[in-house]
Amino acid sequence: MYRPLKKSFFHQETLLLARNLLGKYLISKKGSLPLVGKIVETEAYLQNGDPACHAYKGKTRRNEVMFGPPGHLYIYFTYGMHFCMNLVTEPENTAGAVLIRAVEPLEGVSELIHNRLLRSGLKKIDNFNIANGPAKLCQAFNLSTMENGLKLSPNGVYIGYKLNEKDIDEKEIGISPRIGISAGIDLPWRFYIKNNPFVSKTTNQ
DNA sequence: ATCAAGATTACCT
DNA sequence: GGTAATCTTGATA
């Protein structure tokens, strides 16, 4: 049903990949049943010329995965309590990543809700509050630094597409500055599906 | 050794 | 609209 995207898909230029990931599917087969969400919001981060990128000042223990080959997960811990998931881009020794900010829950929804309830302490989670933010997404899909550096795999976590499904039309894509950063706020490197109720913020739509 | 910042979220008025 | 929670990381001494 969801075919894994080939390795070459992740060799696209980072900004293009961030845009082309919209409408593709985040799939995790780590648990007993598959968890699937449609990617509706992404952000691009680049080593060169981007002060918001973790790799802007060079390689460190934390960001070294970004300097590795594309098609791996870069997951980091932040604010003392949250994780964010990226896909590594750019050839080896050059750092780049696409942050997955939001997905539309499609399969394994009750499990996704269960995971969110467990980790957020909330009493109730509606469908629009499952994965409409990078840290919420990691809670729902049970992703943490345990998976940092993990290679995408059809048996674990991967990005898929549906056969015969058309790419998102250019007109349906919104572009804006990235959210939650204090440097590089002028760069319009956030991409989202317009009018999709599962994006993290409803502004700029 | 110390310290400020952080690709966020939930809760408050 | 504002801010507490919570702790790893990277920078500076």
Side-chain angles (χ1 to χ4, degrees), chain A residues 10 14-15 17-19 21-22 26 37 39-68 70 72-90 94-103 105 112-150 157 159 174-193 197-204:
Chain A
F10 300 95
T14 301
L15 287 169
L17 184 67
R19 177 234 171 277
L21 278 166
L22 295 176
L26 171 65
I39 298 172
V40 297
E41 183 182 356
T42 64
E43 285 178 0
Y45 289 87
L46 281 169
Q47 174 186 3
N48 297 311
D50 176 12
C53 181
H54 290 164
Y56 183 59
K57 292 175 181 170
K59 191 193 278 190
T60 65
R61 177 84 117 289
R62 180 204 208 189
N63 67 29
E64 62 184 352
V65 171
M66 288 177 82
F67 288 84
H72 291 241
L73 299 178
Y74 168 50
I75 301 180
Y76 64 87
F77 182 64
T78 189
Y79 290 106
M81 62 189 92
H82 294 305
F83 301 101
C84 293
M85 193 210 93
N86 300 253
L87 295 166
V88 173
T89 63
E90 300 292 316
T94 303
V98 175
L99 173 72
I100 311 299
R101 282 196 58 91
V103 303
L112 293 170
I113 290 176
H114 171 78
N115 287 338
R116 280 275 288 135
L117 288 170
L118 208 65
R119 291 168 176 81
S120 70
L122 294 174
K123 296 185 186 72
K124 202 172 178 193
I125 304 273
D126 67 59
N127 281 355
F128 299 108
N129 193 27
I130 296 175
N132 60 331
K136 296 181 190 180
L137 184 154
C138 283
Q139 288 183 356
F141 282 78
N142 197 14
L143 295 166
S144 72
T145 41
M146 291 269 294
E147 286 79 29
N148 185 38
L150 199 72
V157 179
I159 306 298
I175 301 175
S176 83
R178 294 165 296 179
I179 292 174
I181 54 172
S182 56
I185 52 175
D186 49 317
L187 299 169
W189 288 0
R190 169 176 175 251
F191 304 87
Y192 58 94
I193 300 181
F198 298 92
V199 300
S200 66
K201 307 238 170 165
T202 50
T203 51
N204 299 319

| According to the Watson-Crick and G-U wobble definition with distances under 3.5 Å, which dot-bracket string, read 5' to 3', encodes DNA chain C, using [ ] for crossing pairs and | for pairs with another strand? | |||||.||||||.
| Reading 5' to 3' through nucleotides 4-13 of chain B, protein heavy-atom contacts under 4.0 Å coded B for base, S for sugar-phosphate only, - for none | --BBBSSS--
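The residue from A:Ile39, A:Asn86, A:Leu21 that alone fulfils the side chain to side chain contact (heavy atoms under 4.5 Å, CB included) condition with A:Val98 is A:Leu21.
In this structure, A:Phe83 and A:Phe77 have tilted ring planes: the angle between them lies in the 30° to 60° band.
Taking a 6.0 Å sphere around CD1 of A:Ile185, one finds it holds 12 or fewer heavy atoms contributed by other residues, nucleotides or ligands.
Proximity of A:Leu137 to A:Leu26: side-chain heavy atoms (C-beta onward) are separated by under 4.5 Å at one or more points.
Residues A:Thr14 and A:Glu90 have side chains that bring a donor and an acceptor to within less than 3.5 angstrom of each other.
B:dA5 and C:dT3 have their P atoms separated by 16 Å, with the value rounded to a whole Å.
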| request: Evaluate the criterion side chain to side chain donor-acceptor pair (under 3.5 Å) for residue pair A:Asn63 and A:Thr60; output intermediate values, then yes/no. | output: CA-CA 5 Å; A:Asn63 67 29; A:Thr60 65; 3.3 Å; yes
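When atom types are taken as modelled, the side chain of A:Gln47 and the backbone of A:Ala95 share a donor-acceptor pair closer than 3.5 angstrom.
Atom CZ in A:Phe83 sits about 12 Å away from atom C1' in C:dT6, given to the nearest Å.
Listed by first and then second residue, the salt bridge (charged side-chain N to carboxylate O under 4.0 Å, His left out) pairs that reach into residues 130-144 of chain A come to none, sequence neighbours excluded.
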